[in-house]
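Heads up, the thing below is written out as structure tokens.
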Amino acid sequence: MINDKYLKPYNHADYEDNIYKTWNDSGYFNPDNLPGEREETFSIILPPPNANGNLHAGHGSDFVLKDIMARYHRMLGKKTLMIPGADHAGFETQGVYEKKLQKEGRSRFGMNRQELYDEIYDFVMEHKGNMEEQVKRLGTSCDWSRNTFTLQPNIVSKVENTFMQMYEDGMIYRGKRSIHWNPKFKTSLADIETKFEDRTEPFYYFQYGPFEIATSRPETKFGDKYVVMHPDDKRYSKYKEGDTFEAEWINGKVTATILKDEVIDMEFGTGVMTITPWHDLTDFEIAERHNLEYEQIIDLDGKLMDIAEEFAGQKVHIARPEVVKKLQKKGLVTKIEEKHTHAVRICERTGVILEPQLMDQWFVKMKPLTQMALKALDEKKLYFVSEQFEKTFRHWMENPIDWNISRQIVWGIQIPAWFKNKGKENEEIKVQKEKPNGDGWIQDTDTFDTWFSSGQWPLLTLGFPDGKDFKTFYPTTVMETGRDLIFKWVPRMIMFGLYLAKDVPFKDIYLHGMVLDGKGVKMSKSKGNTLSPIDLGDEFGMDATRMSFVIGNTPGRDMPLPVDKVRGYKKFSNKIWNIARFIYENTDGFDYQNFDTSKLTETENIIIKEVKNIKLEVGKNIEDYKLYMGAEDAYHYVWHTLADKILEESKEALGNKTTAEDKKNKQYMLLTIFGEILKMLHPFMPFITEEIWSDFPIENKDLLMVESWN
RNA sequence: GGGCGCUUAGCUCAGUUGGCUAGAGCAUCUCGUUUACACCGAGGAGGCCAGGGGUUCGAGUCCCUUAGCGCCCACCA
């Protein structure tokens, strides 16, 4: 008799959790337990989601696309491994936690290091578990026995090893460089963690000795004693490099020196500027080229220092109008353009205006690493599925900027370096894990940039250098991730892989676009237009949600996700359910396994052959990274060929209106086709297909997730 | 300033190496309750594939160009 469950509409909530548990308990998520002999491997590293919150729509694409690939290749008979993990997400997590502290009226300043670390650790562990439950809800077929967290001791140890090796190899140096300083969160940031925002502010013209200079930041000008102009600027040809002059300035007379440098834009402002090397990258580079001295004007809290005299201790934005007022009194202001729009560098995560500062920091020399990446690209060891990204990647690799890897936060892996103060500005450095012998050694309080550890993710999760998984699964088959990570994550993994393991960490690079809201607008918490894949799963079923994330998701292109789309695939789930009901009802008692297939008519054989062809086609689309097309073809066949045509046309025979033999043929044919479409749909819609497969009339069958695709 | 990409049915988008009488989903219109499913079926309407030029037997697809839109990168004081 047909199982009663088919007599009512499909209700995903009744099945999904149990099915995931069955898969997980089967052990098949672990490639070591898969049935049969499996030579070929398929491996994919899951991006470790930040362990500080919930999954968002972007994670939907992330996990669904990868899981479709993994499930397909597992069914193809490959030794398939998906490794889950979590990233401590240093700066971001600490930022989230600091907001929490703020709400509680507390602050990280004043807490000791260990205390703060422990609190964040507990906070993250709580959310990490939550996040993992959500990854499971999506149906992700990853091996939880290999779950990895960036701050677990063996991972920390390996990250430290990498740093020490790079230091020994001369790939890492410590130096005073202009870095982007976040004065509110008190940490430096790498270039890619910053962005520009247009601000409209007054633009001031001042008389500085014989010159008129223009600036948008008068409050930094206290220590300026060089004026710079373009060597070809005819207006200033009578001034020679190295000439000095006296100028009345903010706090009295200064002696200034003339410099010529080609970075000066003759068209901009007056073509003359003064420089503040400590707080401006361009100025710093000029100072370096001309071997100049420089001094700090603004402290790490964003306040003016003693050099500002009467303004000392004021925050920069407070001091600015005051400085201008004073200059006005002195008659040194020649012009003010009220509305000058220029780009201000801000912190990508917190929106805080960044202050360039010169600080001692750890840097990775990028040039040798990017050269390795370019070589791998030229040798075709890397393949970008959406080829427009290859150009972007190449461009970035050809113009590297040394990477600042130290962060002044506690939430991360502390840098294994020790300092001993030997007088002013003179310290001895040792790079090692343990405290060196002798007195006076203090460990660097900085931690690594998060991307320093996550950039090694394929190596770390597979147990480089001597782990069994590393030997079996490296390089991994494909890196599938969001296109926004082409600068942040992807190149770092490639460079670390090439540097440490002498081989690329993955062959194919599939970058998907961003998930937008139903109107095509970027989702953001502030706009309130975010969608959670978990909520969608609750309402429409995870299979329907997965279909919404794959159909229309072409490589590299952004994809709007209207809720109606998900609703549409919920209908599809129900359609499949009803097809099952119809077929199971009409084949009740039919001995499928012992049917003599030689009795099938030619037409029936053709119909069976057709579904097998469609399935091969769907598989080929998955292999070619056209997952959206595979899903669409499968959908279309099931609904408009199987349900609308084949089922309808078989009703006559099934209703005993023809011959008994014809009926048996049709029963066999329908079950065969149905078995094929369950396999074909499984990578996309794993829950409902697994559930229906459990009633398929074959004895001693295994789970659908390990059934053979062919 | 540099780079990448987009413009196809009312809406959201597919359209692989040029062969298309240009497709899908949603929306819309007409009809229909028949061994599953109204979370359904049958049928229909709807497009000079952004504009212009070129290559070709043949162009939505390749080249040039114009216009509009989007994203990324960048030290304009």
Side-chain angles (χ1 to χ4, degrees), chain A residues 2 6-10 178 191-192 195-196 203-205 213-217 220-221 224 227-228 263-276 280-286 340-343 345 356 386-396 399 401 483-484 486-487 513-514 516 518-520 522 540-541 544 547-548 551-554 556-565 567-586 620-621 624-626 628-629 632-633 635-636 639-640 643-645 647-648 650-657:
Chain A
I2 181 169
Y6 293 105
L7 301 180
K8 50 185 182 180
Y10 178 62
S178 184
D191 297 79
I192 52 157
K195 64 177 182 187
F196 285 97
F203 194 54
Y204 307 94
Y205 290 77
I213 59 160
T215 182
S216 57
R217 299 204 60 189
T220 66
K221 297 287 162 201
D224 291 11
V227 287
V228 195
V263 296
I264 301 296
D265 180 352
M266 289 185 266
E267 309 288 315
F268 189 80
T270 59
V272 184
M273 68 173 193
T274 63
I275 58 167
T276 314
D280 187 288
L281 184 57
T282 311
D283 294 5
F284 174 71
E285 284 169 359
I286 293 172
H340 173 245
T341 302
H342 64 138
R345 199 187 274 269
S386 19
E387 53 193 302
Q388 72 262 33
F389 293 120
E390 184 178 326
K391 291 177 193 167
T392 314
F393 177 79
R394 189 179 283 278
H395 178 80
W396 198 71
N399 301 284
I401 300 168
R483 70 161 166 86
D484 53 326
I486 185 166
F487 294 119
M514 306 287 98
L516 310 172
K519 292 176 191 138
K522 199 172 173 177
F540 303 108
M547 284 297 266
S548 312
I551 292 188
N553 199 336
T554 52
R557 299 289 301 275
D558 291 352
M559 179 187 75
L561 182 59
V563 174
D564 272 347
K565 182 177 176 184
R567 191 171 287 123
Y569 293 115
K570 180 182 193 287
K571 292 183 183 176
F572 184 53
S573 297
N574 196 52
K575 189 76 184 177
I576 298 167
W577 195 247
N578 278 296
I579 293 171
R581 174 178 168 183
F582 179 83
I583 292 180
Y584 286 164
E585 269 177 350
N586 280 291
K620 193 168 177 307
N621 278 324
D624 292 345
Y625 301 113
K626 290 174 192 158
Y628 61 101
M629 209 178 261
E632 225 177 282
D633 289 351
Y635 171 92
H636 205 260
W639 199 312
H640 299 296
D644 292 348
K645 297 203 175 73
L647 245 51
E648 290 302 327
S650 61
K651 281 179 181 174
E652 206 178 30
L654 295 171
N656 299 315
K657 288 182 184 145

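Source: prediction; values computed, not measured. No hydrogens, no waters, no symmetry mates; every other heavy atom, side chains included, goes into these values. We name chains A, B, ... by the order of the sequence lines, and we start the count at 1 in each one.
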Checklist entry - Between NZ of A/Lys571 and CG of A/Asn578, what distance do you get to the nearest 0.5 Å? => result 13.5 Å
Next on the checklist: Quick check for you: among B/A36, B/C75, B/A77, whose closest atom lies nearest to any side-chain atom of A/Arg581?
Outcome noted: B/A36
Next on the checklist: Need one value for A/Ile551: base, sugar-phosphate or nothing, where a base atom within 4.0 Å counts as base even if backbone is also close, heavy atoms only.
Outcome noted: nothing
Item to check | Paired nucleotide for B/U55 [Watson-Crick or G-U wobble; both distances under 3.5 Å] | outcome: none
Checklist entry - What is the base-pairing partner of B/C69, counting Watson-Crick and G-U wobble geometry with both distances under 3.5 Å? => result B/G5
Checklist entry - When we call it a touch if two heavy atoms are under 4.0 Å apart, what does A/Asp624 touch: a base, just sugar-phosphate, or nothing? => result nothing
Checklist entry - Just checking A/Phe487: base, sugar-phosphate only, or nothing, at a heavy-atom cut-off of under 4.0 Å? => result sugar-phosphate
Checklist entry - For B/G25, does OP1 or OP2 lie under 4.0 Å from any side-chain N or O of A/Arg567? => result no
Checklist entry - So what does A/Arg217 hit on the nucleic acid, given a heavy-atom distance under 4.0 Å: a base, only sugar-phosphate, or nothing? => result nothing
Checklist entry - In whole Å, what separates the P atom of B/A22 from that of B/U30? => result 27 Å
Item to check | B/C76 phosphate, OP1 or OP2, under 4.0 Å from A/Thr282 side-chain N/O | outcome: no
Checklist entry - Hey, is the main chain of A/Thr276 close enough, under 3.5 Å, to the side chain of A/Asp283 for a donor-acceptor pair? => result yes
Next on the checklist: Please report the distance, rounded to the nearest Å, between CG in A/Asp564 and P in B/A27.
Outcome noted: 7 Å
Checklist entry - Once the angle between the rings of A/Trp639 and A/Tyr635 is folded into 0 to 90°, is it parallel (under 30°), tilted (30 to 60°) or perpendicular (over 60°)? => result tilted
Checklist entry - Rounding to the closest angstrom, what is the interatomic distance between B/C71 and B/G25 at atom C1'? => result 26 Å
Checklist entry - Under a 3.5 Å cut-off for both distances, is B/U17 Watson-Crick or wobble paired, and to whom? => result none
Checklist entry - Rounded to whole angstroms, how far apart are CG on A/Asp283 and P on B/A77? => result 11 Å
Item to check | A/Arg345 CZ to B/C73 C1', straight-line distance once rounded to whole Å | outcome: 11 Å
Item to check | Nucleotide nearest A/Lys522 (side chain, heavy atoms from C-beta), chosen from B/U12, B/C72, B/C76 | outcome: B/C72
Next on the checklist: Just the rounded figure in Å: distance from P of B/C72 to NZ of A/Lys391.
Outcome noted: 19 Å
Item to check | Nucleotide B/G25, atom P - distance to OH of A/Tyr569 in whole Å | outcome: 9 Å
Item to check | No-H, no-angle donor-acceptor pair, A/Glu648 side chain to B/A36 base, under 3.5 Å | outcome: yes
Item to check | Residue A/Asn574, side-chain atoms from C-beta onward, closest of B/A36, B/C37, B/G41 | outcome: B/C37
Item to check | Protein-nucleotide distance (A/Gln388, atom CD; B/C6, atom C1'), rounded to Å | outcome: 11 Å
Checklist entry - In terms of the nearest nucleotide of RNA chain B, which residue is placed more toward the 5' end: A/Lys565 or A/Lys195? => result A/Lys565
Next on the checklist: Under 4.0 Å, heavy atoms only, any strand: does A/Lys626 hit a base, just the sugar-phosphate, or nothing?
Outcome noted: base
Checklist entry - Reckon A/Gly271 touches a base, only the sugar-phosphate, or nothing at all at heavy-atom distances under 4.0 Å? => result base
Next on the checklist: Please compare A/Tyr635 and A/Val272 by the position of their nearest nucleotide in RNA chain B and report the one closer to 5'.
Outcome noted: A/Tyr635
Checklist entry - With both distances under 3.5 angstrom, what nucleotide forms a Watson-Crick or G-U wobble pair with B/A24? => result B/U12
Checklist entry - How are the rings of A/Tyr584 and A/Tyr6 set relative to one another: parallel (under 30°), tilted (30 to 60°) or perpendicular (over 60°)? => result perpendicular
Checklist entry - When the C1' atoms of B/G43 and B/U55 are considered, how many whole Å apart are they? => result 43 Å
Checklist entry - Hey, what's the ring geometry for A/Phe572 with A/Tyr569, parallel, tilted or perpendicular (30° and 60° as the breaks)? => result perpendicular
Next on the checklist: Please report the distance, rounded to the nearest Å, between CD in A/Glu632 and P in B/C26.
Outcome noted: 12 Å
Item to check | Nearest-angstrom distance, P atom, B/G58 to B/G19 | outcome: 15 Å
Item to check | Minimum heavy-atom distance between A/Ala214 and A/Thr270, given as atom pair plus value | outcome: N-OG1, 4.3 Å
Checklist entry - Picking from B/C40, B/A36, B/A77, which would you name as closest to the side chain of A/Ala643? => result B/A36
Item to check | Short side-chain N/O contact from A/Tyr10 to OP1 or OP2 of B/A36, under 4.0 Å | outcome: no
Checklist entry - Do the side chain of A/Lys570 and the main chain of A/Ala544 share a donor and acceptor less than 3.5 angstrom apart? => result no
Next on the checklist: Need one value for A/Ile264: base, sugar-phosphate or nothing, where a base atom within 4.0 Å counts as base even if backbone is also close, heavy atoms only.
Outcome noted: base
Item to check | Same-atom distance (P) from B/U12 to B/G70, integer angstrom | outcome: 14 Å
Checklist outcome for this item: Heavy-atom closest pair (A/Arg483 atom, A/Phe389 atom, distance to 0.1 Å) is CB-CZ, 3.6 Å
Checklist entry - For B/G41, does OP1 or OP2 lie under 4.0 Å from any side-chain N or O of A/Trp639? => result yes
Checklist entry - Taking the side chain of A/Tyr628 as its heavy atoms from C-beta onward, which of B/C39, B/C76, B/G15 lies nearest to it? => result B/G15
Checklist entry - Would one find a side-chain N or O of A/His640 under 4.0 angstrom from OP1 or OP2 of B/G25? => result yes
Checklist entry - From B/U16, B/A36, B/A14, pick the nucleotide closest to the side chain of A/Thr554? => result B/A14
Next on the checklist: What I want to check is whether an N or O donor and acceptor connect the side chain of A/Lys575 with the base of B/C37 at under 3.5 Å.
Outcome noted: yes
Checklist entry - On a whole-Å scale, what distance lies between the P atoms belonging to B/G47 and B/C11? => result 13 Å
Item to check | Nucleotide of B/A36, B/C71, B/A74 approaching A/Phe196 most closely (side-chain heavy atoms) | outcome: B/A74
Next on the checklist: Base, sugar-phosphate or nothing for A/Pro560? Non-hydrogen atoms, less than 4.0 Å.
Outcome noted: sugar-phosphate
Next on the checklist: What is the distance, to the nearest angstrom, from the NE2 atom on A/His395 to the C1' atom on B/G5?
Outcome noted: 16 Å
Next on the checklist: Please report the distance separating the P of B/A59 from the corresponding atom of B/U16, rounded so that it comes out in whole Å.
Outcome noted: 16 Å
Checklist entry - So, does A/Asp280 use its side chain to make a donor-acceptor pair with the main chain of A/Thr282 at under 3.5 Å? => result yes
Next on the checklist: Less than 4.0 angstrom between a side-chain N/O of A/His342 and OP1 or OP2 of B/A77, yes or no?
Outcome noted: yes
Item to check | Counterpart base for B/C40, defined by Watson-Crick or G-U wobble contacts under 3.5 Å | outcome: B/G32
Next on the checklist: Would you measure the distance from the P atom in B/G10 across to the matching atom in B/C73 and give it in whole Å?
Outcome noted: 36 Å
